[in-house]
Amino acid sequence: MLNYIIMCIVPLMILFIIVIAAKEKKDIFKLFIEGALDGLKVVYNIFPYILAITISIGLLKSTGALDVILYPFKPLLVKFGIPEDIIPLCIMRPLSGGASMSVVMEIFKTSGADSISGKMASVIMGATETTLYTITILFGAVHLKKIRGVLIAGLIADFVAIVSSIVLVNFNLL
């Protein structure tokens with residue numbers, strides 16, 4: 001029964017939108033096309049940044065530069081039970097959802113979804129936000145420039161979520 005209700009939600013929502021649009025005499029197709037064009041413009045504007053970030057992380061990993069950067073921190077990572085392959089995700093997640101998802105898929109391929117790294121990656125993806133991306137889009141849409149407090153709060157929330165995921169997975173609380 002619950003599965004049937006869940007399957008009916010999207011079609012009912014679409015029907016609801018069509019009924020409201022017909023009631024208000026709106027050209028729903030025109031509005032849909034305008035919304036799709038706006039979405040494509042956003043993708044067009046953001047894609048180069050996502051591509052650059054993804055390539056940068058890939059280059060850092062494939063050239064060994066990430067290993068060199070993490071080398072001084074390895075004893076600390078081992079002490080706190082933090083797998084090395086989680087670090088790129090922790091760096092990427094506040095920047096880009098797409099790029100961080102590609103890091104998670106790489107973790108799943110190399111370590112497995114049920115591994116410590118896979119579990120931490122899953123919790124990090126669910127508990128954090130693409131803070132910088134979200135702030136850029138939302139504040140840019142309303143032309144606000146003073147974002148310092150929101151940025152600090154968002155990054156602190158991401159840090160707490162990452163630390164919490166490490167603790168929860170290491171103590172088998174999930």
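For reference, positions follow the sequence shown, starting with 1.
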Does L12 share a hydrophobic cluster with I5, counting links as ILVMFWY side-chain heavy atoms below 4.5 Å and allowing steps through other members? no
Just so I know, are the side chains of V10 and M13 near enough to count as touching, which here means a heavy-atom distance under 4.5 Å? no
How close do F108 and G118 get, counting heavy atoms only, and between which atoms? CE2-O, 3.6 Å
Joint cluster assignment, L76 & I166, ILVMFWY side-chain distance < 4.5 Å: yes
In Å, rounded to the nearest 0.5 Å, how long is the span from CE of M101 to CZ of R93? 7.5 Å
Please lay out, stage by stage, how I124 and D158 fare under the test side chain to side chain contact (heavy atoms under 4.5 Å, CB included). CA-CA 9 Å; I124 288 170; D158 286 340; over 6 Å; no
With rounding to the nearest 0.5 angstrom, report the CD1 to CD1 distance, I9 to I14. 12.5 Å
Can you tell me if D114 has over 12 outside heavy atoms packed within less than 6.0 Å of its CG? no
In short, C8 meets P11 closest at the heavy-atom pair O-CD, 3.4 Å
Atom pair OG1 (T128) and CG (L89), whose distance is rounded to the nearest 0.5 Å: 7.0 Å
Measuring from I107:CD1 to I86:CD1, what's the distance to the nearest 0.5 Å? 4.0 Å
Decide whether I156 and V167 are clustered together by the hydrophobic rule: side chain heavy atoms of Ile, Leu, Val, Met, Phe, Trp, Tyr closer than 4.5 Å, transitively. no
Over all atoms of both residues, closest heavy-atom pair of I162 and C90: CG2-SG, 3.5 Å
What is the minimum heavy-atom distance between N170 and I116, and which atoms define it? OD1-CG2, 4.2 Å
Minimum heavy-atom distance between M120 and P83, given as atom pair plus value: SD-CD, 3.5 Å
State plainly whether one hydrophobic cluster holds both I69 and L77, where clusters connect Ile, Leu, Val, Met, Phe, Trp and Tyr through side-chain heavy atoms under 4.5 angstrom apart. yes
Separation between OG (S111) and CD (E84), nearest 0.5 Å, reads 11.0 Å
For the atom pair CZ (F32) and CD1 (I18), what is the distance rounded to the nearest 0.5 Å? 11.0 Å
With the 4.5 Å side-chain cut-off for hydrophobic clustering, are M105 and I91 part of the same group? yes
Other residues, nucleotides and ligands only: do more than 12 of their heavy atoms fall within 6.0 Å of NZ on K74? yes
Of the non-hydrogen atoms in M125 and G97, which two are nearest, and what is the gap between them? CE-O, 4.3 Å
